[in-house]
Amino acid sequence: VMNSKFLQISEDLINNSQDNGEMSFIFKTKIHAILVFTIFGSGKVTFEDLCNKLSSVASRTTIQSILNDGVNRDYLTKSIDQKDKRKKYFSCNNIKNELDLWYKKNNEIYN
């Protein structure tokens with residue numbers, strides 16, 4: 001039974017990788033998924049926070065290029081802190097629905 005769950009997860013990852021939208025961006029690489037999940041789990045987070053949390057798995061340059069790509073594709077949003085203009089926050093508000101659906105689908109697989 002557990003083996004078939006892994007097959008379902010594998011199929012889900014393959015399907016999401018072949019999608020042309022948000023899900024293919026999220027699952028493009030392991031770092032993409034880690035970055036998106038970290039941003040989504042945090043609500044909103046700065047570039048520096050992401051670099052500190054993910055320094056063991058990705059360089060600042062990689063993080064920056066994925067963030068820029070996500071913002072350019074309108075999957076991630078970047079907002080400037082009103083009190084401290086140097087702080088820029090990233091969020092996944094634009095892909096919240098897709099992430100929620102993916103979570104629910106995977107929750108069913110795991111349960």
(request) Identify whether NZ of Lys or CZ of Arg in K78 sits under 6.0 Å from the centre of the six-membered ring of F90 and within 45° of that ring's axis. (result) no
(request) Determine, step by step, whether R60 and E48 satisfy the side-chain contact (heavy atoms from CB on, under 4.5 Å) criterion, reporting the C-alpha distance in whole Å, the side-chain angles of both residues, the deciding distance to 0.1 Å, and the verdict. (result) CA-CA 9 Å; R60 294 175 68 87; E48 289 302 325; 2.7 Å; yes
(message) Quick check: closest heavy atoms across R73 and F25, and the distance to 0.1 Å?
(response) CD-CD1, 4.1 Å
(request) Applying salt bridge (charged side-chain N to carboxylate O under 4.0 Å, His left out), name anything that partners D84, two or more places apart in sequence or on another chain. (result) R86
(request) Could you check if a side-chain atom of I39 sits within less than 4.5 angstrom of a side-chain atom of L67, using non-hydrogen atoms only? (result) yes
(message) For K96, is there an ion pair with D100 - N to carboxylate O distance below 4.0 angstrom?
(response) yes
(request) Ignoring hydrogens and angles, tell me if any N or O in the side chain of N72 forms a donor-acceptor pair with the backbone of N68 under 3.5 Å. (result) yes
(request) Taking the six-membered ring for Trp and the single ring otherwise, decide whether the centroids of W102 and F27 are under 6.0 Å apart. (result) yes
(request) Would you check if S59 and Q64 make a side-chain contact, meaning some heavy-atom pair closer than 4.5 Å? (result) no
(request) Give the minimum heavy-atom separation between E22 and I95, together with the two atoms involved. (result) CG-CG2, 3.2 Å
(message) Using modelled atom types and a 3.5 Å cut-off, is there a donor and acceptor pairing between side-chain atoms of D49 and backbone atoms of V45?
(response) no
(request) Look at atom NZ of K87 and say whether more than 12 heavy atoms of other residues, nucleotides or ligands are closer to it than 6.0 Å. (result) no
(message) For E11, is there any backbone N or O sitting under 3.5 Å from a side-chain donor or acceptor partner on N15?
(response) yes
(request) Measure from the side-chain N and O atoms of T38 to the backbone N and O of I34, and report whether any donor-acceptor pair falls under 3.5 Å. (result) yes
(message) Restricting to non-hydrogen atoms, name the atom on S91 and the atom on G43 that form the minimum distance, rounded to 0.1 Å.
(response) CB-O, 3.4 Å
(request) Please name the pair of heavy atoms, one in I63 and one in C51, separated by the smallest distance, quoted to 0.1 Å. (result) CD1-CA, 3.9 Å
(message) I'd like to check I26 versus L99 (side-chain heavy atoms, cut-off strictly below 4.5 Å). Are they in contact?
(response) yes
(request) Examine distances only and state if a side-chain atom of S17 and a backbone atom of L13 form a donor-acceptor pair shorter than 3.5 Å. (result) yes
(message) Is it the case that the side chain of N107 and the backbone of Y103 share a donor-acceptor pair, with hydrogens and angles ignored and the cut-off at 3.5 Å?
(response) no
(request) Answer whether the closest heavy-atom distance between the side chains of H32 and L35 falls below 4.5 Å. (result) no
(request) Answer with yes or no whether the hydrophobic clustering places M23 together with L101; edges join I, L, V, M, F, W, Y residues whose side-chain heavy atoms lie under 4.5 Å apart. (result) no
(message) Nearest 0.5 angstrom please: K88 NZ to K44 NZ, how far?
(response) 14.0 Å
(request) State, yes or no, whether a side-chain contact exists between I31 and L54 at a heavy-atom distance under 4.5 Å. (result) no
(request) Could you tell me the separation between the CD1 atom of I66 and the NZ atom of K28, rounded to the nearest 0.5 Å? (result) 8.5 Å
(request) Using atom types as modelled and distance alone, determine if a side-chain donor or acceptor of K5 lies under 3.5 Å from a backbone N or O of I109. (result) yes
(message) Just verifying a value: how many Å separate S24 OG and N16 CG, rounded to the nearest 0.5 Å?
(response) 8.5 Å
(message) Restricting to non-hydrogen atoms, name the atom on I9 and the atom on N106 that form the minimum distance, rounded to 0.1 Å.
(response) CG1-OD1, 4.4 Å
(request) Locate the shortest heavy-atom distance separating N94 from Y75; write the atom from each residue and the value. (result) CB-O, 3.5 Å
(message) side-chain contact (heavy atoms from CB on, under 4.5 Å), that's the test. Do I14 and Q18 meet it? Break it down for me.
(response) CA-CA 6 Å; I14 290 167; Q18 292 172 338; 3.9 Å; yes
